[in-house]
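Since the structure comes first, as structure tokens, the remarks are kept for the end.
One is the number of the first residue; the rest follow in order along the sequence.
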Amino acid sequence: NLGVRVANLEKHADMVKWEGKLEYTYTSERVETLRDSGKKRTNDDNLLFRLEPSAEVNSHWHVNARLDAETKMNKDAGEAGSDKVELKYAWAQGDYDNFTVKLGKMELLTAEAYAKPGALIFDHHFSGAEVSFGKDLRVKLQAGRISDEELADPANYQGAELMYNGRLTAGLGYYRMSSRSYTGYTGGKERMNIWGVNAGYSFDKNNFLSAAYARNNSLAMDKKYKKSYQISYDYKGAKPDDRGSWGAYVSYRYIAGAALGATTDGAMEFTKGVEIGTDYTLFPNVVLSAKYFRGKDLNPVVTNGQDKVSKLFGRVEFFF
């Protein structure tokens, strides 16, 4: 009887798991303007404490969440924008043979994010439903809405992806959004239709070459701003549990109108240029990373004459 009770206790103890990290990030964005030949620098010190619980419901279903507590190291406690606690994600997930369904608020990460620079179209979140099925050739369907501080009116969202994973990876995606915030008036909703393609090849376990391209034909602007693309070469990569492991990458990125929420640790929105980065596991579960971007501004409405831009990014992460 005691053995059965202990076995049941261990089973239920494993039903809830906690992971997380403490993360410090320093960024320095620099702009060189043409109008007055001046330079502007914006620095940011951010400390993040993240908890990611996962709880088992039954043999197929479990629930997940992400809770982020942030504070600005360069601001005083209580100062506007200094501290923030937010429930970032909360979703239920059902896993079956070659089929997965998610319901709730979850990560929105487009397929090209397997490259070190990150996602070209979306590195964001949405509330709704997601289903995916297949193994080597996988289909993903999403529907819901996207809320953002920059959107006064939340956007309705639908997405579809087809992805093949192997030594050669290739994918195709279509994403549709509609919101009054795009038009600036309340008389109707404007729709954005974005499509993207991506491909990559692993020469061996250490060398990976990838490329991604996206286009937003719904934008009412010059065609050169409707596209976004990136080309990246990745070498190795730091593993948190492997002390001394490291990696590096170099990319050319063009982040414009088809990148509605791209990963911007290095290259910023509406910029083009070269991004390089490296990461290193200093101690078990302690990872250092650094990135540098230098390029030009692509904003079609330049009000301050800015031209050359650069960004320095540094981070240390303590995983638990």
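- Side-chain contact between K311 and T27 is present, with heavy atoms from C-beta onward closer than 4.5 Å.
- With H60 contributing its side chain and G94 its backbone, the two residues share no donor-acceptor pair below 3.5 Å.
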Starting from the C-alpha separation in whole Å, work towards a yes-or-no answer on side chain to side chain donor-acceptor pair (under 3.5 Å) for Q93 and D95. CA-CA 7 Å; Q93 180 170 328; D95 296 306; 3.0 Å; yes
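- E275 contributes a side-chain N or O that, together with a main-chain N or O of A267, makes up a donor-acceptor pair within less than 3.5 Å.
- In the hydrophobic clustering of this structure, M163 does not group with L109; members are Ile, Leu, Val, Met, Phe, Trp, Tyr whose side-chain heavy atoms approach within less than 4.5 Å, directly or through other members.
- When every heavy atom of A238 is checked against every heavy atom of D279, the shortest pair comes out as N-OD1, 3.4 Å.
- Donor-acceptor pairing under 3.5 Å is recorded for the side chains of S132 and R138.
- Ion pair D45/K72 not flagged as a salt bridge, since none of the NZ, NE, NH1 or NH2 atoms sits closer than 4.0 Å to an Asp/Glu carboxylate oxygen.
- Atom OG of S218 sits about 8.0 Å away from atom NZ of K226, to the nearest 0.5 Å.
- Other cluster members for Y164: V57, W61, V63, Y96, F99, V101, L103, V131, F133, L137, V139, L141, L162, joined by side-chain heavy-atom distances under 4.5 Å among Ile, Leu, Val, Met, Phe, Trp and Tyr.
- In this structure, OH in Y213 is found 14.0 Å from CG in N198, a value given to the nearest 0.5 Å.
- Shortest non-hydrogen contact noted between Y292 and S310 is OH-CB, 3.8 Å.
- Scanning both residues, A115 and D234, for their nearest heavy atoms gives CA-OD2, 3.6 Å.
- Taking the six-membered ring for Trp and the full ring otherwise, the centers of Y252 and Y254 sit at least 6.0 Å from each other.
- Atom-to-atom distance recorded for I276:CD1 and K116:NZ is 13.5 Å, nearest 0.5 angstrom.
- Using a 4.5 Å heavy-atom cutoff, the side chains of S179 and M177 are not in contact.
- Cluster membership for F313 and V286, using ILVMFWY side-chain heavy atoms within less than 4.5 angstrom, is not shared.
- Remark: K291 engages D265 in a salt bridge, criterion side-chain N to carboxylate O under 4.0 Å.
- Residues L51 and F319 are members of separate hydrophobic clusters, defined by side-chain heavy-atom contacts under 4.5 angstrom among Ile, Leu, Val, Met, Phe, Trp and Tyr.
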Working note: V309 + T271, criterion side-chain contact (heavy atoms from CB on, under 4.5 Å); need CA distance, chi angles, decisive distance, verdict. CA-CA 8 Å; V309 293; T271 63; 3.9 Å; yes
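- The CZ atom of R41 lies 11.0 Å from the CD atom of E32; values are rounded to the nearest 0.5 Å.
- Using a distance-only test at 3.5 Å, with no hydrogens or angles considered, no donor-acceptor pair links the side chain of R50 to the main chain of L67.
- A ring pair (Phe, Tyr, Trp, His ring centres under 6.0 Å) with Y235 is found for exactly one of Y249, W246, F203, namely W246.
- Not less than 6.0 angstrom separates the ring centroid of F126 from the ring centroid of W91.
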Which is it for M106 and E130 under the side-chain contact (heavy atoms from CB on, under 4.5 Å) test, yes or no, and what are the steps along the way? CA-CA 9 Å; M106 69 203 83; E130 173 186 299; 4.0 Å; yes
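- A 4.5 Å side-chain heavy-atom check between D68 and L48 finds at least one atom pair inside the cut-off.
- Under the 3.5 Å distance criterion, with hydrogens and angles disregarded, a donor-acceptor pair is assigned to the side chains of S28 and R30.
- Remark: the backbone N or O of A259 is paired with a side-chain donor or acceptor of S228 at under 3.5 angstrom.
- Between the side chain of N46 and the main chain of T25, no donor-acceptor pair closer than 3.5 Å is present.
- Judged purely by atom type and a 3.5 angstrom limit, T169 has no side-chain atom pairing as donor or acceptor with the backbone of G166.
- In this structure, A55 and V16 approach most closely via the heavy-atom pair CB-CG2, 4.0 Å.
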Give the C-alpha distance, both sets of side-chain angles, the deciding distance and a yes or no for side-chain contact (heavy atoms from CB on, under 4.5 Å) between R253 and K272. CA-CA 6 Å; R253 307 189 75 195; K272 66 175 181 178; over 6 Å; no
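- Neither side chain, T281 nor D242, offers a donor N or O lying under 3.5 Å from an acceptor on the other.
- Rounding to the nearest 0.5 Å gives a distance of 12.5 Å between CZ of R243 and CG of N285.
- Proximity of the aromatic rings of Y114 and F208 is defined here by a centroid distance below 6.0 angstrom, and this criterion is met.
- The shortest non-hydrogen separation linking L168 to G200 is CD1-O, 3.2 Å.
- With hydrogens and angles disregarded, no donor-acceptor distance shorter than 3.5 Å links the side chain of S251 to the backbone of P117.
- Remark: N64 pairs with S54, H62 by the side chain to side chain donor-acceptor pair (under 3.5 Å) rule, at least two apart or across chains.
- Formation of a donor-acceptor pair under 3.5 Å by the T110 side chain with backbone atoms of F122 is found in this model.
- E52 has its side chain out of reach of W18: every pair of non-hydrogen atoms, C-beta onward, lies at least 4.5 Å apart.
- Under the 4.5 Å side-chain contact rule for hydrophobic residues, V274 and I231 do not share a cluster.
- Using a 4.5 Å cut-off on side-chain heavy atoms (C-beta onward), M268 and F293 make contact.
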For Y174 and E161, run side chain to side chain donor-acceptor pair (under 3.5 Å): C-alpha distance rounded to whole Å, both residues' side-chain angles, the deciding distance at 0.1 Å, then the answer. CA-CA 6 Å; Y174 173 76; E161 292 180 354; over 6 Å; no
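- With a 6.0 Å radius and a threshold of 12 heavy atoms from other residues, nucleotides or ligands, R315 has its CZ atom above the threshold.
- Rounded to the nearest 0.5 Å, atoms NZ (K223) and CG (N217) are 11.5 Å apart.
- Here the closest non-hydrogen pair linking N58 and E56 is O-CG, 3.4 Å.
- Here the side chain of T263 pairs a donor or acceptor atom with the backbone of A119 at under 3.5 angstrom.
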Check step by step if side chain to side chain donor-acceptor pair (under 3.5 Å) holds for N216 and Y225. CA-CA 9 Å; N216 184 351; Y225 298 115; over 6 Å; no
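- V287 has its side chain out of reach of Y280: every pair of non-hydrogen atoms, C-beta onward, lies at least 4.5 Å apart.
- Considering only heavy atoms from C-beta on, R294 comes within 4.5 Å of K308 through its side chain.
- One N or O on the side chain of D204 and one on the backbone of N207 form a donor-acceptor pair closer than 3.5 Å.
- Annotation: side chain of R176 is in contact with side chain of R191 (closest heavy-atom distance under 4.5 Å).
- Hydrophobic clustering, with ILVMFWY side chains joined whenever heavy atoms are under 4.5 angstrom apart, groups Y229 together with L260.
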Which is it for I146 and H124 under the side-chain contact (heavy atoms from CB on, under 4.5 Å) test, yes or no, and what are the steps along the way? CA-CA 9 Å; I146 296 177; H124 202 62; 3.5 Å; yes
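- Within a 6.0 Å sphere centred on NZ of K21, heavy atoms belonging to other residues, nucleotides or ligands number more than 12.
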